[in-house]
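Just so it is clear, the values below take in all heavy atoms, side chains as well, and ignore hydrogens, waters and symmetry mates. To find a chain, count down the sequence lines: A is the first, B the second, and so on, and within it residues start at 1.
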Amino acid sequence: MTRPGICGKIGEMTDWKEGMPPVVRFAPSPTGYLHVGGARTALFNFLFARHHHGRFILRIEDTDQKRYQPQALEEIFASLKWLGLDWDEGPEAGGDHGPYFQSQRTELYRRHADELLAAGRAYRCFCSEERLMRLRQEQEKAKMVRGSGYDRHCRGLDEAEVGRRLAAGAPHVVRLKVPDDRAVIFHDRIRGDIATDSAQLDDLVLLKSDGFPTYHLANVVDDHWMEVTHVLRGDEWIASTPKHILIYEALGWAPPVFAHMPVILAADGGKLSKRRGAASVLDYQRAGFLPEALRNFLALLGWAPGDDCELMNLEELIAAFTLERVQAKAAVFDQAKLEWMNGVYLQGHSVESLLAEVRLLWEGMDLPAGALADEEHLKKVIAMFKERSKRISEIAGNSLYFFRDPLEYEPQAARKYFKGEALPLFDDLLDRLAGVEPFSREALEGLYRGLAEERGIAAGKLIHPTRLAVSGVGFGPGLFEMLEALGRETVLRRLQRAREHVAGRG
RNA sequence: GGCCCGUUCGUCUAUCGGUUAGGACAUAAGAUUUUCAAUCUUAUAAGAGGGGUUCGACUCCCCUACGGGCUACCA
């Protein structure tokens with residue numbers, strides 16, 4: 001049996017070459033559940049910080065008032081905690097760089113926007129949404145090659161005019177003055193140098209008309225004041241990074257190190273979504289996955305330790321993780337491999353450690369009163385199902401016949417084992433099972449083997465119909481330990497009922 | 001459309017110019033078994049295409065194709 005945590009990487013930790021401990025952040029937007037792609041980004045940030053003895057900050061980017069969903073916050077926190085990704089600074093944890101909600105830092109953004117305005121690096125724009133929309137349509141129609149995007153209409157407004165509109169309370173945004181035709185270059189730790197012509201960038205909005213900053217301004221300002229040294233984020237941000245570089249320049253700040261993580265795709269190559277396999281971290285929890293399995297699996301999406309090691313616990317992941325080994329290529333989420341890995345981790349769990357969670361699932365399954373009263377019995381059942389399960393939910397879902405009589409018989413198995421020839425065998429079994437002492441797996445096996453020999457048939461002829469009769473299905477734990485755990489009374493009752501069922505069908 | 005990023009078995013990946021291109025999941029076959037699962041054996045399976053550079057390219061460069069991202073007062 002391959003056990004998790006066999007790689008022995010502990011002790012190989014190295015300090016970050018540049019000396020100073022790094023500071024990273026995970027900055028989700030509370031617009032919905034935390035999906036596995038976000039979780040993977042959080043995980044990489046966490047691993048990087050721990051590996052280099054740095055700090056991991058959680059920051060909430062709630063600057064979009066329209067898309068804000070209050071319950072999303074709880075989901076994000078719960079998801080991160082479930083995966084074991086504790087943050088050193090942020091909501092609940094506190095820290096010296098708070099507040100950690102961008103909605104509570106609007107003064108700071110406004111101050112820097114004013115600073116840029118005063119320095120002539122930014123300007124107020126009074127264009128209406130209608131005008132912007134019309135502009136976009138016209139550009140589309142004209143198929144403009146260059147200069148698409150905002151046309152800098154308000155960039156040349158004179159001070160008097162601006163003052164007049166301001167006094168009139170006209171709604172406006174603040175835009176950055178993007179320099180003409182200049183190369184904007186940044187180094188991506190995963191992809192190397194990426195250069196963009198500033199002519200490709202339009203005068204982006206820094207401050208929205210509702211007073212909130214855009215992501216671009218807020219993330220630059222926060223990363224600066226929170227002393228973030230490494231920005232590890234999804235690669236959908238690559239195209240925006242030149243804008244961020246320009247903002248750093250305008251503010252006179254040194255940009256952090258950038259490293260863009262590859263995306264995670266669904267099996268069909270498309271984007272991961274609720275419909276294409278689960279996407280929410282908490283959905284995986286609900287589906288019976290173990291956090292350490294999902295974490296291990298996610299770590300291997302876009303990253304590999306370099307040797308053939310795959311099963312790694314948290315300490316080993318931390319010890320082995322480096323940015324150099326993060327891949328640039330998008331990775332497909334392979335549910336089958338996750339299932340396998342989860343099964344491996346599940347086998348590593350003791351019955352005791354599984355008890356509480358499985359019991360919770362059973363409790364939600366509408367079982368007869370008192371069915372779950374005997375803890376020793378529950379443990380026995382878990383032990384029988386654990387080894388043949390890949391998820392916790394399978395243990396609970398496949399073992400219901402230990403708490404109530406089967407409601408029906410699996411049709412395919414019934415066709416095979418509930419034939420007329422089974423009737424005399426049932427009679428023999430009913431007769432002998434009533435008297436066997438003790439009702440133990442050893443004695444039961446002796447009974448079955450003996451009877452098979454007497455009748456000159458294979459033991460399977462007795463075993464299979466019995467299994468179906470007592471469990472309703474054609475698969476499960478070894479029959480004799482199953483019968484022992486079920487107890488004589490239950491076994492006889494179910495066999496009797498199965499006999500009637502077979503007889504009734506002629 | 002423009003700009004940017006990417007391309008090794010079906011999937012996740014190893015390879016940092018010279019390998020019989022390795023491992024894992026999945027798949028198939030066999031062993032084992034009272035079923036299922038597990039376990040053990042074995043097998044199938046890859047450098048998108050085309051040009052360069054080089055004594056030698058999966059590895060470096062260019063082109064094409066394909067996939068993805070961005071092109072919002074969303075993040």
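The side chain of A/Arg449 places an N or O atom within less than 4.0 Å of a non-bridging phosphate oxygen (OP1 or OP2) of B/rU34. Distances shorter than 4.0 Å separate some side-chain N or O of A/Lys208 from OP1 or OP2 on B/rC74. For B/rU15, one of the phosphate oxygens OP1 or OP2 lies less than 4.0 angstrom from a side-chain nitrogen or oxygen of A/Arg325. One finds a side-chain N or O of A/Arg175 lying less than 4.0 angstrom from the OP1 or OP2 phosphate oxygen of B/rC73. Contact annotation: A/Arg191 side-chain N/O to B/rG6 OP1/OP2 distance is not under 4.0 Å. Using a 4.0 Å cut-off, some side-chain N or O of A/Arg136 falls inside it from OP1 or OP2 of B/rC73.
The side chain of A/His464 lies closest to B/rU34 when the candidates are B/rU34, B/rU71, B/rG6. For A/Thr214, taking side-chain heavy atoms from C-beta onward, the closest of the listed nucleotides B/rC25, B/rC74, B/rU34 is B/rC74. Listed nucleotides B/rA37, B/rA75, B/rC73 differ in distance to A/His216; the shortest reach to its side chain belongs to B/rA75. Closest approach to the A/Asp308 side chain among B/rA26, B/rU11, B/rG22 is made by B/rG22 (side chain taken as heavy atoms from C-beta onward).
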Check: How far apart are the C-alpha atoms of A/Thr63 and A/Tyr109, what are their side-chain angles, what is the distance that settles it, and do they pass the side chain to side chain donor-acceptor pair (under 3.5 Å) test?
Finding: CA-CA 11 Å; A/Thr63 57; A/Tyr109 311 124; over 6 Å; no

Notebook entry, point to check: Can you list the steps and then say if A/Leu272 with A/Phe333 is a side-chain contact (heavy atoms from CB on, under 4.5 Å)?
Noted result: CA-CA 8 Å; A/Leu272 216 45; A/Phe333 192 98; 4.2 Å; yes

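The same atom, C1', is picked in B/rG68 and in B/rA48; the two are 16 Å apart, to the nearest Å. Atom P of B/rG49 sits at a distance of 48 Å from the matching atom of B/rU33, rounded to the whole Å.
Using a 4.0 Å heavy-atom criterion, one finds that A/Gly460 contacts no nucleic acid atom at all. Contacts of A/Thr63 with the nucleic acid, taken as non-hydrogen atoms under 4.0 Å apart, involve only primed sugar atoms and P, OP1 or OP2. Nucleic acid contact for A/Glu445: none, since no nucleic acid atom lies under 4.0 Å from a heavy atom of the residue. Residue contacts for A/Leu479: at a heavy-atom cut-off of 4.0 Å it reaches a base atom on one of the strands shown. Looking at heavy-atom distances under 4.0 Å, A/Val205 makes contact with sugar-phosphate atoms alone, never a base.
In the interface, the side chain of A/Lys337 is paired with the base of B/rA24 through a donor and an acceptor atom under 3.5 Å apart.
A salt bridge is absent between A/Glu453 and A/Arg455; no separation between the charged side-chain nitrogens and carboxylate oxygens falls under 4.0 Å. The pair A/Arg441-A/Glu481 meets the salt-bridge criterion, since a charged nitrogen lies less than 4.0 angstrom from a carboxylate oxygen. Classification of A/Asp210 and A/Lys66 as a salt-bridged pair fails, no side-chain N sitting under 4.0 Å from a carboxylate O.
When both distances must be under 3.5 Å, the Watson-Crick or G-U wobble mate of B/rA48 is B/rU64. Base pairing analysis places B/rA37 opposite nothing; no Watson-Crick or G-U wobble pair with both distances below 3.5 Å involves it.
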